[in-house]
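Everything below concerns the one structure shown next.
Hydrogens, waters and symmetry mates play no part in the numbers below; they use all other heavy atoms, side chains included.
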Amino acid sequence: MVHRIGLIGCGGIAGAWIKAMAAEEDALIALTFDLSREAAERRAAETGAESVAALDQIWDCDEVNIVVIGTPTASHPELVEQAARAGKHIMCEKPMALDLDACRRMIA
């Protein structure tokens with residue numbers, strides 16, 4: 001099985017995730033998203049993925065079964081909750097959240 005990944009956040013830390021996923025035979029970055037279209041398109045070109053203009057395109061894509069959240073920490077709780085509602089497996093960059101209550105919500 002090839003795990004198709006939605007990369008959310010295409011800034012500096014995305015490079016580490018791209019390198020890690022390239023080393024895995026069963027992992028493929030399929031979609032990229034960033035508030036900066038230019039950043040999403042640059043990472044898509046780097047990985048052979050498709051750049052999307054809206055997060056819903058990742059949430060609604062049945063082929064994407066894992067998301068990597070590499071955005072600023074304050075956005076992690078909301079993105080994790082959205083990804084969970086969409087039925088995606090989640091890898092979230094650290095720190096997980098800015099406070100313990102947000103961490104608990106993310107886990108729930």
*With the side chain counted from C-beta on, respond yes when Leu79 and Ile8 share a heavy-atom pair under 4.5 Å apart, and no when they do not.*
yes

*Does a side-chain heavy-atom distance below 4.5 Å link Ile5 with Met21?*
yes

*asked:* Less than 4.5 Å apart, side chain to side chain, heavy atoms only: is that true for Ile29 and Trp17?
replied: no

*Flag yes if Leu7 and Met91 sit in one hydrophobic cluster, no otherwise; membership is Ile, Leu, Val, Met, Phe, Trp, Tyr, and two members link when side-chain heavy atoms are under 4.5 Å apart.*
yes

*asked:* Minimum heavy-atom separation for Ser51 and Ala44, please, with both atom names.
replied: N-CB, 3.7 Å

*Hydrophobic cluster membership, Ile107 vs Ile66, 4.5 Å side-chain cutoff*: no

*Going by an N to O cut-off under 4.0 Å, is there a salt bridge joining Glu46 and Arg42?*
no

*Over all heavy atoms of both residues, which pair between Ala49 and Leu31 is shortest? Give the atoms and the distance, please.*
CB-N, 4.0 Å

*Going hydrophobic residue to hydrophobic residue with side-chain gaps under 4.5 angstrom, can you get from Trp59 over to Leu35?*
yes

*asked:* Check whether Asn65 reaches the backbone of Arg4 with its side chain - one donor and one acceptor, N or O, closer than 3.5 Å.
replied: yes

*Just by distance, do the side chain of Gln57 and the backbone of Ala54 share a donor-acceptor pair under 3.5 Å?*
yes

*So, do Ile90 and Ile69 sit near enough that their side-chain heavy atoms are less than 4.5 Å apart?*
yes

*Rounded to the nearest 0.5 Å, how far apart are CD1 of Ile58 and CD of Gln82?*
10.5 Å

*Does one hydrophobic cluster hold both Val67 and Leu55, with members joined at side-chain heavy-atom distances below 4.5 Å?*
yes

*Return yes when atom CG of Asp26 has more than 12 non-hydrogen atoms of other residues, nucleotides or ligands closer than 6.0 Å, and no otherwise.*
yes

*asked:* Membership question, hydrophobic clusters at under 4.5 Å side-chain separation (ILVMFWY): are Val64 and Val52 in the same one?
replied: yes

*Ser75 (side chain) donor-acceptor with Thr71 (main chain) under 3.5 angstrom*: no

_Quick one: does any side-chain atom of Thr73 pair with a main-chain N or O of Leu98 as donor and acceptor, under 3.5 Å?_
no

*Is there a donor-acceptor contact under 3.5 Å from the side chain of His76 to the main chain of Met96?*
yes

*Using atom types as modelled and distance alone, determine if a side-chain donor or acceptor of Asp34 lies under 3.5 Å from a backbone N or O of Cys10.*
yes

_Check: Gly11 main-chain N/O paired with Arg43 side-chain donor or acceptor under 3.5 Å_ = yes

